[in-house]
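Notes follow the structure.
So that the names make sense, note that chain A is the first sequence line, chain B the second, and so on, each numbered from 1. Since the structure is predicted, the reported quantities are computational estimates derived from the model, not experimental observations. Just so you know, these numbers use all the heavy atoms, side chains as well, and skip hydrogens, waters and symmetry mates.
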Amino acid sequence: MRPAAIWTLLRVNIGKDMQFRAAFWSRNALHLFWSYITVLIIAVFYRLGSAHSAVSMSQAVAMKWIGQGMYLLVGGMGVDEYLYSRVRSGDVALDLCRPMDLYASMYAHLFVDKLARALPRAVAALSVGALLRGDMHLSGPASPAALLCALAALSTGYLLSCALEMIIYGLNMDVESGSNKADLFGVVMLTLSGTMVPLALFPPAFAKFMLLQPFAGMIDLPARLYAGVLPPAQLPLVLGIQLLWLAAALLAGRCLVGAGRRRIIVQGG
Amino acid sequence: MKPMNGFSLYLRYLRIGALGTVQYRMWWVRLVQVLFVCVTDPLEILVLFSLFRSIGSFTLYHVLAIYGLAVSAFGAAETLGRGFDTFPSLIRSGGFDRVLLRPRGLYVQVVAHRFHLHRLVRAATGLAMFLIGLRHLGGPVPPLAAACLALAYAGGVCAYVGVFVFSAALCFYTIGSVDITYIFTNGSYQLAKMPPEALPAWLRGVFTFLVPMFVFCYYPVSYACGMGASALSAFAALPAGALFLLLALCAFSAGARRYASTGS
């Protein structure tokens, strides 16, 4: 897909998101409130408890702000109604008629759609975090190099997150359960991507698993690089983990969408 | 034939809703989904408590008891009052016009027009967390305290149904669903993960006096486990919840009176 097309799609999607103004602001206010509360939980524990953790309070708070602010990049929970509703209503027949690569077109759609929803909310949440004073302040990156590494990892992480979500799309091509399978998969994604709790705070017994599992690459590893929990020298390791899982997810997604395409029953009218 | 009374009509609606759900061959997948959501939601406090042991005088079990009570009451309210929760779709589709035409009660038709079996899972998981917390806190609970907790649960269900009714009432003015009310539903019990004293005063005030969440989850548990709340504050849960629901129903009927059709 050409960059110009992506840019146009992005503008259209942001416009769609903002079409109903009251609803747009209410969604954003909700997201801000939610982010504030979840950061507050971490802050309260650090204030009143005595930590035995290598992660400092400002690092934990920063990772939590980033995870919450960008949580729509992760997807899952109710954000991927697009294909599911198309299969349920029968509109998917149109997609199947078009002479293009179904997987690629769905991937592009997902890539832009998620980005358009996530951008306004990420900007809002991260600015509020940066403006807050006191111990809930979102502090700057550990170093300029940390910021660059985090941005690089975040970009790869977003490609990975879309590829992982395409697996849900593949699973959703049949509607036998009467519900969106994204809800189940989404919980796993939200938990293991570190948006709920920064993965570095898990007990040491889980540390290796939390580092190597596919979902960490989406948000948590970039956030660790930003906060300095992982030094910039670890960037190759992070990118390696991400790219490995990206390849696996692309392959699995393609197989599932292909299989779903053969089995699909077009309904509705 | 004599028409059914409101209550048996409500039960009939719920039965049809449940039967509609199990028509899908894989309907139970939804139960698993909700179970997953409910089990992973408190995961962050489990992780944080494994790191910190305690926050002030609060341990994991205090949080489980208070949070479990709030979540379970919320799940029960979702099960019994789902119709108000999904009211925006009724307004937007124009279905509410049909509701008004039928010669039956407004509330019973709205509250029962949706019933989702899988919401029971949240009520059950919350109850399990509440009981685990309570068991570790003080062993056997004296009858008076147990009665207090039961009343608090009822108050919590009333209050959460009240939140649904309020957001439904708001919907008469906005037509679309108002996401911001999530703060008082799924957002509210996130606050039950922390001791109220640790919250900023405005936040504690909103969730005590505006939506009485701490009134039905914190004070009753605190009283029953001897953490220092007075009997008066502990028994305020049911009256507070009932009052909140009553106000919400007034708002809803005020909205319904000015309703002038929508949808297609």
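Residues A/Leu48 and B/Phe52 are not in side-chain contact: their nearest non-hydrogen atoms beyond the backbone lie 4.5 Å or more apart. A/Val187 is not listed as a side-chain neighbour of B/Gln33, based on a closest heavy-atom distance of 4.5 Å or more. Within the 4.5 Å cutoff, the side chain of B/Ile45 has heavy atoms near those of the A/Phe45 side chain. A/Tyr36 is listed as a side-chain neighbour of B/Leu203, based on a closest heavy-atom distance under 4.5 Å.
For chain B, the option among A/Ile41, A/Val197, A/Leu40 with the highest count of heavy-atom pairs below 4.5 Å is A/Ile41. Contact count versus chain B (heavy atoms, under 4.5 Å) is highest, among A/Thr38, A/Leu201, A/Asn28, for A/Leu201.
Within residues 184-193 of chain B, the residues having any heavy atom under 4.5 Å from a heavy atom of chain A are, by residue number, B/Asn186, B/Gly187, B/Gln190, B/Leu191, B/Lys193. Interface residues of residues 118-139 of chain A toward chain B, defined by a heavy-atom distance below 4.5 Å: none.
For chain B, the nearby parts of A/Phe202 are the backbone and the side chain; heavy atoms of each come within less than 4.5 Å. For B/Thr40, the parts lying under 4.5 angstrom from a heavy atom of chain A are both the backbone and the side chain. Using a 4.5 Å cut-off between heavy atoms, B/Phe49 touches chain A through backbone and side chain atoms alike.
Taking NZ of A/Lys64 as the reference point, atom CD of B/Glu44 lies at 5.0 Å (rounded to 0.5 Å).
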